[in-house]
Amino acid sequence: MSEKLRVGILGGTGMVGQRFISLLENHPWFEVVVIAASPRSAGQTYEKAVEGRWKMTTPIPESVKNIVVCDVNEVEKVASQVDFVFSAVDMTKEEIKKIEEDYAKTETPVVSNNSAHRWTKDVPMVVPEINPQHFEIIEAQKKRLGTTRGFVAVKPNCSIQSYAPVLTAWKEFEPYEVVATTYQAISGAGKTFKDWPEMEGNIIPFIGGEEEKSEKEPLRIWGHIEGDEIVPATEPVITCQCIRVPVLNGHTAAVFVKFRKKPTKEQLIQKLVEFSGEPQKLNLPSAPKQFIRYMEEDNRPQVALDVDYENGMGISVGRLREDTVYDWKFVGLSHNTLRGAAGGAVLCAEMLKAKGYITKK
């Protein structure tokens with residue numbers, strides 16, 4: 001019997017589900033034993049279910065090809081075979097909320113890539129380097145759900161990963177006003193150029209719901225626990241524009257910041273390169289050794305050269321310079337489906353295991 005925790009992937013046939021499966025191949029702590037998807041995929045082998053729509057650049061892992069896909073709605077059946085699940089289901093927000101809580105109520109922890117529970121008051125939304133202490137709200141959530149080990153935890157939106165960690169590193173200088181424009185890859189919509197040929201050579205200046213998430217979610221991450229809820233921070237005030245660009249992977253952000261305290265460029269860069277958190281201290285399997293790097297070249301970071309920094313789990317920052325209206329401006333880059341989606345959720349699960357929230361059933 002493997003000592004690894006048995007993992008289920010809910011929504012395993014979609015793009016993020018595929019990314020989970022690729023990332024978990026040969027994972028030292030976790031092993032995919034169940035894949036669940038919509039009823040139309042159920043009953044087929046995984047290889048058959050994703051035939052013609054496998055979107056990863058690496059082949060389907062041999063270990064999952066012959067797993068027979070379960071119906072994600074058969075909650076008890078799926079839950080009985082696993083220690084915890086990753087959720088990447090494609091449903092309405094209300095359906096996602098219900099099914100994730102249904103799994104939690106079977107005493108199965110749920111680590112979700114979905115946005116449905118990001119504002120549920122007792123669900124932690126965590127970037128492990130920034131706010132792992134928010135996992136403490138899980139005890140309040142368990143009381144509400146009536147569970148002893150089942151809960152839901154989520155990771156935040158992919159769009160904020162290229163600037164929220166940077167602003168966190170600069171917290172002592174008191175950033176209070178931020179303008180950010182994000183240039184977001186098409187994989188953030190679950191697409192490739194084959195699926196979305198009209199994106200080639202094109203820019204679309206709208207991504208539904210993205211600007212509100214980009215402005216509000218960092219404040220929840222910087223918030224604090226009060227009783228049975230997470231209370232968001234009130235600063236810095238953030239305003240965003242989110243633009244879809246013809247790039248496969250990698251979200252870039254151009255950001256302007258005003259500070260109450262006036263740091264030097266050297267101080268800002270030092271804070272970036274020294275910034276690390278519990279994943280680095282605990283040496284978690286998916287944690288980048290260097291979370292944020294600063295690049296001196298005028299033309300970096302670039303998606304083509306830098307998106308896979310630290311296996312896609314690190315943040316690249318460049319073009320830090322004084323601004324004529326704001327105090328400082330910079331460009332940040334993060335991998336939207338690794339750090340921003342499945343990889344961020346895997347790192348959350350590693351942290352939850354390390355802290356004893358996820359154990360063998």
For the residue pair [X] and [Y], what are the closest heavy atoms and their distance?
X      : Y      : result
Met125 : Asn131 : O-ND2, 2.9 Å
Glu107 : Gly146 : OE2-O, 4.4 Å
Val257 : Pro175 : CG1-CB, 3.7 Å
Pro205 : Ile203 : CD-O, 4.0 Å
Cys70  : Val34  : SG-CG1, 4.0 Å

Q: Show your reasoning for whether salt bridge (Lys or Arg N to Asp or Glu O under 4.0 Å) applies to Glu139 and Lys142.
A: CA-CA 5 Å; Glu139 295 311 318; Lys142 286 178 183 170; 3.5 Å; yes
(Q) For residues 131-174, which residue pairs pass the ring pair (Phe, Tyr, Trp, His ring centres under 6.0 Å) check, not counting sequence neighbours? (A) Trp170-Phe259, Trp170-Phe330
Can you tell me if [X] uses its side chain to pair, donor with acceptor, with the backbone of [Y] under 3.5 Å?
X      : Y      : answer
Asp195 : Lys191 : no
Lys55  : Ser187 : no
Glu310 : Gln290 : yes

Q.
Contact between Ile99 and Leu10 at the side-chain level, heavy atoms closer than 4.5 Å - yes or no?
A. no
Q) Do Ser112 and His117 pass the side-chain contact (heavy atoms from CB on, under 4.5 Å) test, and can you show the C-alpha distance, the side-chain angles, and the key distance before you say yes or no? A) CA-CA 8 Å; Ser112 180; His117 273 298; over 6 Å; no
**Q.** Neighbour count above 12 (heavy atom, 6.0 Å) for Asn311 CG
**A.** no
Q. Salt bridge (charged side-chain N to carboxylate O under 4.0 Å, His left out) with Asp327: which of Lys262, Arg260, Arg321, Lys258?
A. Lys262
Q. Can you name the one residue among Glu274, Gln267, Glu266 that meets side-chain hydrogen bond (donor to acceptor under 3.5 Å, both in side chains) with Gln270?
A. Glu274
Q.
Considering only residues two or more places apart or on different chains, which pairs with a residue in residues 337-349 satisfy salt bridge (charged side-chain N to carboxylate O under 4.0 Å, His left out)?
A. Glu129-Arg339
Side chains of [X] and [Y]: is there a donor and an acceptor less than 3.5 Å apart?
X      : Y      : answer
Glu47  : Thr45  : no
Ser41  : Gln44  : no
Asn336 : Gln184 : no
Lys361 : Thr108 : yes

Q) Where do Asp228 and Arg144 land on the salt bridge (Lys or Arg N to Asp or Glu O under 4.0 Å) test, with the steps shown first? A) CA-CA 9 Å; Asp228 63 354; Arg144 175 173 65 84; over 6 Å; no
Q.
Students often mix this up, so state it plainly: with edges at 30° and 60°, are the rings of Phe30 and His27 parallel, tilted or perpendicular?
A. parallel
Q: For side-chain contact (heavy atoms from CB on, under 4.5 Å), just list the numbers for Phe86 and Val16, CA-CA rounded to whole Å, side-chain angles, deciding distance to a tenth of an Å, and then say yes or no.
A: CA-CA 10 Å; Phe86 288 111; Val16 176; over 6 Å; no
Q | Pair Lys48-Glu51, salt bridge (Lys or Arg N to Asp or Glu O under 4.0 Å): steps then yes or no | A | CA-CA 5 Å; Lys48 183 76 181 155; Glu51 191 175 15; 3.0 Å; yes
Q: Would you mind listing the cluster partners of Ile225? Hydrophobic ones only (ILVMFWY), side-chain contacts under 4.5 Å, chaining allowed.
A: Ile137, Ile230
